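Nothing fancy with the numbering, it's 1 onward along the sequence. Predicted, not measured: the structure shown is a model, and the values here were computed from it.
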Amino acid sequence: MSKSMIDVARDTLIKNNHRMPFLDLWNNVSQEMNFTPSQAEDNIAQFYSDLSLDSHFVNLEGNSWDLKTRHTFSESVTDTDSIAVDDEDDDDEEDENQETQSEDDE
């Protein structure tokens with residue numbers, strides 16, 4: 001039975017014992033999987049999605065990836081309180097969209 005791309009990524013990170021930039025990790029995975037350049041191009045987006053959704057991995061600063069178990073909670077979670085949202089702009093934009101739609105209906 002062959003390994004999945006995620007299994008190979010996990011093994012690669014364990015073996016290297018440190019975080020890796022995404023492209024370095026992908027190059028290792030695609031070589032281990034014996035992908036042709038065409039197969040590598042076809043699979044890179046799926047691999048990124050799989051990494052993002054798999055709870056064993058964490059995306060760190062600079063698009064480096066590592067195993068979540070090697071990092072503290074604060075390193076592996078984005079503080080959404082620090083993201084500023086300007087609600088006034090959203091309300092203005094909704095009003096403009098409604099006005100435009102009303103004019104189009106006439």
Side-chain angles (χ1 to χ4, degrees):
M1 180 160 131
S2 62
K3 289 183 177 183
S4 70
M5 293 185 289
I6 289 297
D7 291 336
V8 174
R10 188 178 298 114
D11 291 347
T12 299
L13 289 169
I14 290 169
K15 184 176 93 179
N16 288 326
N17 201 30
H18 60 80
R19 71 178 67 183
M20 294 180 72
F22 174 76
L23 286 177
D24 291 348
L25 181 58
W26 172 242
N27 288 332
N28 280 311
V29 168
S30 60
Q31 286 175 357
E32 181 75 24
M33 303 281 301
N34 293 317
F35 287 158
T36 65
S38 176
Q39 289 172 318
E41 186 177 322
D42 291 344
N43 285 297
I44 191 169
Q46 183 63 53
F47 177 65
Y48 194 91
S49 294
D50 291 347
L51 274 179
S52 298
L53 296 172
D54 191 296
S55 63
H56 295 98
F57 299 93
V58 61
N59 186 350
L60 302 165
E61 186 177 330
N63 200 22
S64 290
W65 289 83
D66 203 356
L67 298 173
K68 192 177 277 188
T69 57
R70 293 198 278 230
H71 297 274
T72 64
F73 180 79
S74 62
E75 289 176 307
S76 62
V77 174
T78 302
D79 179 14
T80 57
D81 290 338
S82 66
I83 300 172
V85 176
D86 188 358
D87 290 335
E88 286 184 27
D89 286 344
D90 290 343
D91 291 341
D92 292 343
E93 197 172 296
E94 284 179 25
D95 292 342
E96 287 175 15
N97 288 340
Q98 288 175 351
E99 289 173 12
T100 304
Q101 187 176 13
S102 296
E103 291 171 5
D104 291 344
D105 290 342
E106 294 175 3

Name all residues meeting the side-chain hydrogen bond (donor to acceptor under 3.5 Å, both in side chains) criterion together with [X]; count only those two or more places apart in sequence or in a different chain, and write none if there are none.
X: Ser64; result: none
X: Asn17; result: Arg70
X: Asn27; result: none

So, Asp24 side chain and Met20 main chain: donor-acceptor pair closer than 3.5 Å or not?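 Not at all, since once roles are kept as given, no pair shorter than 3.5 Å links the two residues.
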Members other than Leu53 in its cluster, when Ile, Leu, Val, Met, Phe, Trp, Tyr link by side-chain heavy atoms under 4.5 Å?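 Taking Ile, Leu, Val, Met, Phe, Trp and Tyr as members, Leu53 stands alone, with no cluster partners.
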Check [X] against [Y] and note the closest heavy-atom contact, atom names and distance.
X: Leu60; Y: Asp66; result: CD1-CB, 3.9 Å
X: Ala40; Y: Phe35; result: N-CB, 3.9 Å
X: Met33; Y: Lys3; result: CE-O, 3.4 Å

To the nearest 0.5 Å, how far apart are CG in Asn28 and CG in Leu13?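 Result: 9.0 Å between the selected atoms.
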List the steps, then state whether side chain to side chain contact (heavy atoms under 4.5 Å, CB included) holds for Leu25 with Leu51. CA-CA 11 Å; Leu25 181 58; Leu51 274 179; 4.0 Å; yes
With Phe47, which residues qualify under ring pair (Phe, Tyr, Trp, His ring centres under 6.0 Å), at least two apart?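 Phe47 satisfies ring pair (Phe, Tyr, Trp, His ring centres under 6.0 Å) with Phe22, Trp26 once adjacent residues are dropped.
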Quick one: salt bridge (charged side-chain N to carboxylate O under 4.0 Å, His left out) pairs with a partner in residues 40-63, sequence neighbours left out?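 Sorted pair list: Arg10-Asp54.
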Using the rule that two of Ile, Leu, Val, Met, Phe, Trp, Tyr join whenever any of their side-chain heavy atoms come within less than 4.5 Å, decide whether Leu23 and Val58 are in one cluster.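 Leu23 and Val58: separate clusters.
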Side chain to side chain contact (heavy atoms under 4.5 Å, CB included) partners for Thr36, two or more places apart: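 Counting only residues at least two positions away or on another chain, Thr36 forms a side chain to side chain contact (heavy atoms under 4.5 Å, CB included) with Ser38, Gln39.
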Within-4.5 Å side-chain heavy-atom neighbours: Tyr48 and Asn43: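 No, every pair of side-chain atoms sits at 4.5 Å or beyond.
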Just one of Thr12, Asp7, Val8 clears the side chain to side chain contact (heavy atoms under 4.5 Å, CB included) bar with Glu32, so which one?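 Output: one option passes, namely Val8.
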